[in-house]
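Both counts, for ligands and for their atoms, begin at 1 and track the order of listing. These numbers were taken from a predicted model, which means no experiment stands behind them.
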Amino acid sequence: MTKLAVGAILAVALVAASPPGIIYIDPLSYNVVGANYTKWRNSSIIGFNPTSSPPPFIQVYDPSFLDATGPSPTIREIASNPGFVFAHEAPIYVPDLNLVFFANTGGGALSYSGWYNNSVVSMINMTLVDEALARTTGNVNIQVQTLNLSDDVQMVNGGTGPYKGDLLFVTAGRALLPPSIVRVNPSPPYNTTVILDNFLGRQFNSLNDIKILPGTDIMFFTDPAYGWYSGFRPEPMLPSQVYRFDPSTGQVRVVADQFVHPNGIAFTPDGKTAYVTDTGVFGGILGTNQTLPATIYQFDVEPTTQSFMNRRVFVYSDSGAPDGIQLDTNGNVYVSCGGGTHVWNDEGTLIGKIHLNTTTAQLVFTKSGLVLLAETAMYVVNIQARGMTLATL
Ligand SMILES: *[C@@H]1O[C@H](CO)[C@@H](O)[C@H](O)[C@H]1NC(C)=O
Ligand SMILES: *[C@@H]1O[C@H](CO)[C@@H](O)[C@H](O)[C@H]1NC(C)=O
Ligand SMILES: *[C@@H]1O[C@H](CO)[C@@H](O)[C@H](O)[C@H]1NC(C)=O
Ligand SMILES: *[C@@H]1O[C@H](CO)[C@@H](O)[C@H](O)[C@H]1NC(C)=O
Ligand SMILES: *[C@@H]1O[C@H](CO)[C@@H](O)[C@H](O)[C@H]1NC(C)=O
Ligand SMILES: *[C@@H]1O[C@H](CO)[C@@H](O)[C@H](O)[C@H]1NC(C)=O
Ligand SMILES: *[C@@H]1O[C@H](CO)[C@@H](O)[C@H](O)[C@H]1NC(C)=O
Ligand SMILES: *[C@@H]1O[C@H](CO)[C@@H](O)[C@H](O)[C@H]1NC(C)=O
């Protein structure tokens with residue numbers, strides 16, 4: 001039987017008996033909507049929800065997504081604070097402690113006025129989350145705990161790890177305090193060590209996200225000018241580009257450029273392919289410009305120089321902008337976009353979405369499932385897929 005025929009049979013079966021919480025959206029049903037369609041989306045902020053189903057739920061665009069979700073996925077809120085953007089960026093899962101660390105990126109009220117405050121880094125105890133979820137079928141609200149990090153840590157915007165047992169954060173800097181890469185002890189006293197804060201004497205613009213190339217200790221990070229566009233950093237004095245830092249030699253170099261706002265970064269498990277998201281559509285104080293990229297680019301990692309070669313469009317996101325990016329062990333690409341999390345397979349086929357109807361800026365795989373940072377709330381999505389980083393630990 002052809003792959004197409006198998007797909008068609010699966011699709012029919014899926015329509016007949018979608019598991020609860022799963023909505024099958026056959027792209028063929030929406031190829032032509034007609035001029036009288038009443039649900040045109042003229043704003044990229046609004047997610048695609050043609051069935052008007054109440055969020056949260058899972059959209060399946062290709063039956064293969066069921067291999068990732070498993071038969072009975074759940075989406076449950078685990079923490080909430082409607083008045084405060086506490087969960088925005090930099091999720092790092094530490095399996096040994098079963099903790100997720102994350103930052104609010106200088107949040108406060110839902111306005112730019114609060115962005116001059118330093119970011120608040122918090123942690124949530126996933127053991128407490130698991131225990132609470134086991135006691136109910138609904139949502140829970142676990143108290144997150146704020147860390148009190150040194151003043152070296154200004155505007156945490158991205159993170160990965162554990163790196164040699166530590167959290168590895170990138171900071172965007174604040175006013176004249178420089179953006180940096182900083183190691184943070186995930187246990188008391190949460191002491192910090194800055195390992196990079198300049199490019200041969202020049203300050204970076206505002207570091208945004210970081211990943212380690214699998215199988216190495218080498219760090220790759222993005223440096224858009226969001227600090228300037230958000231009003232908390234001086235005018236950018238470098239292109240918005242992607243850097244490579246080898247902490248054993250101290251060498252810093254550029255591996256990719258030609259972005260509007262390079263943002264999330266990820267590698268395939270074999271380290272041969274890199275992904276960089278461009279959130280050009282969101283211009284901070286410049287507002288939204290829907291003619292600019294909401295695009296994920298794919299590159300080959302050059303084996304010797306580790307420069308990013310052969311840039312090509314991987315996908316363009318139909319809503320919001322692709323921010324945080326994580327891969328599962330099968331190479332599926334999970335990205336925080338408008339309306340929730342979008343999932344593409346390694347061929348760039350949109351296979352599904354976790355539709356919350358709100359922005360999720362970041363996400364991280366944990367033993368409890370996929371944890372989503374949705375600004376004023378956190379969710380855990382219990383699916384069968386396992387995160388790439390967990391698998392290699
Ligand atoms: C769209 O609406 C107009 C005005 O009501 C109607 O004349 C036209 O037939 C409709 N078109 C379709 C394809 O339904
Ligand atoms: C966009 O859609 C909304 C709701 O349908 C409508 O109120 C608004 O006028 C539209 N804007 C443009 C520029 O078409
Ligand atoms: C989705 O969010 C928008 C904007 O907040 C809201 O107007 C709309 O009612 C929501 N849709 C659903 C189905 O909850
Ligand atoms: C920023 O911090 C100041 C001082 O702690 C506080 O008064 C203010 O409310 C904060 N701003 C926001 C938007 O949270
Ligand atoms: C997390 O919660 C569990 C269960 O109460 C507790 O045993 C553990 O010490 C907590 N972890 C941390 C780091 O506080
Ligand atoms: C950080 O300081 C606050 C306020 O003093 C305190 O409530 C909190 O427990 C501290 N966090 C940690 C992890 O010690
Ligand atoms: C924290 O302090 C301990 C004890 O001095 C040191 O061994 C460790 O390297 C420090 N970690 C960081 C991330 O600064
Ligand atoms: C949007 O971006 C395009 C491409 O850079 C630019 O030509 C246009 O002026 C921008 N529009 C607005 C409203 O800023």
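Considering both main-chain and side-chain atoms, T193 comes within under 3.5 Å of ligand 7 through a nitrogen or oxygen pair.
Under the 4.0 angstrom criterion for non-hydrogen atoms, P54 is not in contact with ligand 3.
Considering only non-hydrogen protein atoms, atom 3 (C) of ligand 3 sits nearest to N357 ND2, 3.6 Å. If you check which protein heavy atom lies closest to atom 14 (O) of ligand 8, you get N289 ND2, 3.5 Å. Nearest to atom 13 (C) of ligand 7 among the protein's heavy atoms is D166 OD2, 3.3 Å. Here the heavy atom of the protein found nearest to atom 1 (C) of ligand 7 is N191 ND2, 1.4 Å.
Distance check for atom 11 (N) of ligand 7: a protein heavy atom is found below 4.0 Å. For atom 5 (O) of ligand 3, the nearest protein heavy atom lies 4.0 Å away or farther.
Taking a cut-off of under 4.0 Å to the non-hydrogen atoms of N185, the atoms of ligand 7 that pass are 13 (C).
Between the CG atom of D246 and the CD1 atom of I218 there is a distance of 4.0 Å, given to the nearest 0.5 Å.
Classification of the Y226-H261 ring pair by plane angle, with boundaries at 30° and 60°, yields tilted. Between Y297 and F299, the angle of the ring planes lies from 30° to 60°, which puts this pair in the tilted group.
At a heavy-atom cutoff of 4.0 Å, ligand 8 is contacted by the side chain of L292 but not by its backbone.
Aromatic pair Y275/F314: ring centres closer than 6.0 Å.
N118 places a side-chain N or O within donor-acceptor distance of the main-chain N or O of M155, the cut-off being under 3.5 Å. Under a 3.5 Å cut-off, the side chain of T279 and the backbone N or O of F282 do not form any donor-acceptor pair.
With contacts defined as side-chain heavy-atom distances shorter than 4.5 Å, the pair L356/I75 qualifies.
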